[in-house]
Amino acid sequence: MKEKIQSLIESGLESLVEGGVLPEETRPQVQVTRTKDKAHGDFATNVALALAKPAGMNPRELAGRLVEALPEDPAIARVEIAGPGFINFFVSQAAAASVIDQVLAQGERFGRSDVGAGRRVQVEFVSANPTGPLHVGHGRGAAYGAVVADLLEAVGFDVHREYYVNDAGRQMDILALSVWLRYLELCGVEFPFPSNAYKGDYITRDIARVLFDEVGEEYAVPAAELMADIPADEPDGGDKEAHVDALIERARHVLGDVRYRYVFDLGLTRVLDGIRDDLEAFGLTFDEWYSERGLADRGLINQGIERLRELGHVYEQDGALWFRASEFGDDKDRVVQRENGQTTYFASDIAYHMDKLERGFERVIDIWGADHHGYVPRLRAAMRALGEAEERLDVLLVQFAALYRGGEKVPMSTRSGSFVTLRELREEVGEDAARFFYVMRKSEQHLDFDLDLAKSQSNDNPVYYVQYAHARVCSVLRQMDERGMARDVERGRGGITRLTESHEQSLIKRLQAFPELVERSALRHEPHTLVHYLRELANEFHTYYNAHPFLVEEDAELRDARLNLIVAVRQVVANGLGLLGVSAPERM
RNA sequence: GCCCCCGUAGCUCAGCUGGAUAGAGCAAUCCCCUCCUAAGGGAUCGGUCGCAGGUUCGAAUCCUGCCGGGGGCGCCA
């Protein structure tokens with residue numbers, strides 16, 4: 001409909017140009033928008049305002065000429081000029097209501113499109129370090145990424161969902177150490193647990209216990225051997241990093257490569273399995289779990305550095321290898337290979353992103369926590385240095401979520417180990433509420449997650465509010481059966497012009513807007529607009545429900561027309577909730 | 001110090017690529033079940049869009065400066 005009006009305007013403009021009213025070179029992008037106020041019709045355009053100046057005419061006069069030049073169209077009932085020179089279009093009732101048939105015919109495909117034209121897009125999200133269970137902060141990135149990916153798929157992109165597994169590096173060594181030390185405790189060895197090691201009880205419970213059951217005391221050493229010549233920990237006036245690093249070396253030495261690797265991998269796989277389970281229960285699946293270690297094994301990290309070196313974008317200083325990031329828009333140069341010969345996380349990321357592009361994705365989307373924003377310029381700098389088109393990379397930053405219970409902020413810090421896990425959140429409020437609340441706000445907005453509200457079974461809870469619209473339609477249909485009425489879709493189609501109530505008109509307009517909304521929501525990576533849409537749709541439906549009976553006894557044609565409308569509403573609610581990963585219950 | 005995000009009703013937030021009297025929800029006050037689930041609906045109250053300039057036919061929206069809140073600035077990941 002929007003496109004139709006657009007082309008009507010374009011041909012109107014064309015004839016004005018031919019008639020010499022408008023200068024030849026006038027080629028504006030015609031903007032057609034849905035009106036907010038129904039007094040302004042269904043659609044409006046501001047072309048007359050935009051063209052007033054080049055045409056040397058006042059906007060209202062120009063609008064008048066344009067309206068006269070518009071071709072007739074049965075779908076347009078009326079055209080008006082309003083305000084400073086807006087042109088308002090009133091769509092005929094029958095043309096508008098045809099959306100109901102469209103929804104019924106397309107079913108769950110309604111709202112989908114092919115603007116993506118099958119182009120390949122990679123979405124990398126969550127990618128939390130496998131050192132412990134996912135917490136509520138990761139949950140938001142997970143929910144957001146899942147919806148962004150689903151939306152892109154809905155509008156025709158070929159989407160590849162990927163989780164980057166940081167299975168190499170020091171933090172994983174600390175995990176391995178933590179597992180081994182907890183195991184030693186299970187063996188009865190007594191020593192002070194390092195302040196900088198991972199203290200979560202999942203380590204003892206899920207990992208060290210398994211190790212102990214498998215190998216008995218075979219991997220154990222006495223406390224004296226463990227702690228000999230280890231520098232003091234922070235509480236004892238030492239440096240916690242040096243303390244932990246020394247212990248990691250000790251573990252490697254005592255266990256030997258094979259056993260150390262065994263402990264390391266045990267920790268990794270147990271934690272990763274937990275993460276996978278959590279995400280699956282949250283309705284998320286990935287096409288690929290991409291290993292950082294694999295990147296190193298395939299030599300890609302060194303290849304990346306080499307390529308930068310060939311291009312003259314790296315130099316040596318203080319024994320380390322630096323990338324000239326500052327020449328490509330970053331604040332300063334960045335180390336890619338440390339003095340000790342180890343490559344940095346950044347070097348891995350360069351290699352990873354090179355690989356993403358080489359795998360043939362036209363667009364690559366990274367979804368990160370907002371605390372990583374400082375990292376964006378350096379990655380972009382690397383892309384540019386490598387001669388990659390920067391526009392292919394999108395980094396979407398998601399702000400953290402704060403939980404509120406009883407009006408109080410739930411204290412959380414990774415350091416103190418008092419973080420709430422995603423699993424706990426899910427168990428407390430349920431998957432639907434969690435998914436819905438997480439994407440309710442603009443991603444760059446801090447999210448206040450009200451646990452009491454998410455749990456409440458009341459009209460205040462926006463999740464139930466939307467779901468209830470779906471359940472209510474189901475309930476009406478059940479009621480219809482109970483009353484012995486038969487629904488006739490065709491008869492409803494015949495009575496489509498009977499839907500003249502203002503509630504019906506608004507609902508029809510709302511349904512029409514859905515495909516555009518999905519498209520915009522997808523292309524702009526803004527799931528929250530879908531949430532708002534569903535709330536409005538549900539609201540209009542509930543209002544309609546209270547204002548008019550659907551199961552009209554004495555007028556089968558009107559009844560079936562109304563039933564077609566509300567079944568279409570149900571379909572769109574279901575499609576929308578489906579995109580959000582939220583269920584659409586048949587009864588509540 | 002530099003960088004990013006945010007500042008809209010008492011609270012939580014929308015506001016599309018600049019557009020017509022700035023919108024929801026919650027809270028507050030009042031009203032609606034002999035009627036398809038009241039997990040619902042309606043009405044009222046509530047705003048100097050942080051402040052000051054600028055751009056233009058038109059600014060909550062774009063630009064600059066300032067104020068306030070949050071986050072980030074490692075040879076960590």
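Letters go in sequence order (proteins before strands), and every chain restarts at 1. Heavy atoms only: backbone and side chains are in, while hydrogens, waters and symmetry mates are out.
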Considering only the P atoms, how many Å lie between B/G50 and B/G7, rounded to the nearest integer?
-> 8 Å
Could you tell me whether A/K442 and A/E526 make a salt bridge, using a distance below 4.0 angstrom between a side-chain N and a carboxylate O?
-> no
Which atoms form the tightest heavy-atom contact between [X] and [Y], and what is the distance?
| X | Y | value |
| --- | --- | --- |
| A/A128 | A/Y163 | O-OH, 2.8 Å |
| A/F449 | A/A454 | CE2-CB, 3.8 Å |
| A/A382 | A/F346 | CB-CZ, 4.2 Å |
| A/I275 | A/P130 | CD1-CA, 4.1 Å |

Roughly, in whole Å, what's the span from [atom1] in [X] to [atom2] in [N]?
| X | N | atom1 | atom2 | result |
| --- | --- | --- | --- | --- |
| A/L397 | B/C4 | CG | P | 12 Å |
| A/D450 | B/A27 | CG | P | 12 Å |
| A/H532 | B/C16 | NE2 | P | 12 Å |
| A/M440 | B/A24 | CE | P | 18 Å |
| A/L530 | B/A14 | CG | P | 15 Å |
| A/L447 | B/G71 | CG | P | 16 Å |
| A/D452 | B/C26 | CG | C1' | 14 Å |
| A/L453 | B/C13 | CG | C1' | 13 Å |

Quiz: residues 558-566 of chain A side-chain donor-acceptor pairs under 3.5 angstrom, not counting sequence neighbours:
residue : atom : partner : partner atom : Å
A/R559  : NH1  : A/V552  : O            : 3.0
A/D560  : OD1  : A/D488  : N            : 3.2
A/D560  : OD2  : A/R491  : NE           : 2.6
A/D560  : OD2  : A/R491  : NH2          : 2.8
A/R562  : NE   : A/E504  : OE2          : 2.9
A/R562  : NH1  : A/P549  : O            : 2.9
A/N564  : OD1  : A/R487  : NH2          : 3.0
A/N564  : ND2  : A/V489  : O            : 3.1

Counting Watson-Crick and G-U wobble pairs only, both distances under 3.5 Å, name the nucleotide matched with B/U55, or none.
->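 Result: none.
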Using purine N1 to pyrimidine N3 plus N6-O4 or O6-N4 for Watson-Crick, or N1-O2 and O6-N3 for G-U wobble, both under 3.5 Å, which nucleotide pairs with B/G1?
->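 Across any shown strand, B/G1 pairs with B/C73.
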Give a yes/no answer on whether the side chain of A/R524 brings an N or O atom under 4.0 Å of OP1 or OP2 in B/U17.
-> yes
Residues which pass salt bridge (charged side-chain N to carboxylate O under 4.0 Å, His left out) with [X], listed by chain and number, not counting sequence neighbours:
| X | value |
| --- | --- |
| A/R170 | A/E241, A/D245 |
| A/R34 | A/E516 |
| A/E540 | A/R510 |

Starting at the 5' end of nucleotides 72-77 of chain B, put B wherever the base has a protein heavy atom under 4.0 Å, S where only the sugar-phosphate does, and a dash everywhere else.
-> S-SBSB
Going 5' to 3' along nucleotides 30-39 of chain B, which nucleotides have protein heavy atoms under 4.0 Å from the base (write B), which only from the sugar-phosphate (write S), and which from neither (write -)?
-> ------BBSB
Where does B/C33 land, syn or anti, once you apply the within-90°-of-0 test for syn?
->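 Classified syn.
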Sequence-distant partners of A/H503, side chain to side chain donor-acceptor pair (under 3.5 Å), two or more places apart =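 Once residues adjacent in sequence are excluded, the partners of A/H503 under the side chain to side chain donor-acceptor pair (under 3.5 Å) criterion are A/H548.
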Residues in side chain to side chain donor-acceptor pair (under 3.5 Å) with A/Q171, at least two apart?
->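 Checked A/Q171 against side chain to side chain donor-acceptor pair (under 3.5 Å); zero matches.
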Distances under 3.5 Å between protein N/O atoms and the N/O atoms of nucleotides 5-9 of chain B, please, pair by pair.
residue : atom : partner : partner atom : Å
B/C5    : O2'  : A/E444  : O            : 2.9

Scan nucleotides 42-47 of chain B against the protein and return all N/O pairs shorter than 3.5 Å with their distances rounded to 0.1 Å.
residue : atom : partner : partner atom : Å
B/G42   : OP1  : A/T543  : OG1          : 3.1

Name the pairs: protein N/O against N/O of nucleotides 19-21 of chain B, kept only if under 3.5 Å.
residue : atom : partner : partner atom : Å
B/G19   : N7   : A/N46   : ND2          : 2.9
B/A20   : OP2  : A/K36   : NZ           : 3.2
B/A20   : N6   : A/N88   : OD1          : 2.9
B/A20   : N1   : A/N88   : OD1          : 3.1
B/A20   : N1   : A/N88   : ND2          : 3.2
B/U21   : O4   : A/D37   : OD2          : 2.5

Tell me, do A/F89 and A/V32 make a side-chain contact under 4.5 Å, heavy atoms counted?
-> no
Show the atom names and distances, to 0.1 Å, of all donor-acceptor pairs under 3.5 Å that link a side chain in residues 365-378 of chain A to residues at least two apart or in another chain.
residue : atom : partner : partner atom : Å
A/D366  : OD1  : A/H353  : NE2          : 3.4
A/D366  : OD1  : A/K356  : NZ           : 2.7
A/D366  : OD2  : A/H353  : NE2          : 2.5

When rounded to the nearest 0.5 Å, the distance separating CG of A/L477 from CZ of A/F550 is 10.5 Å
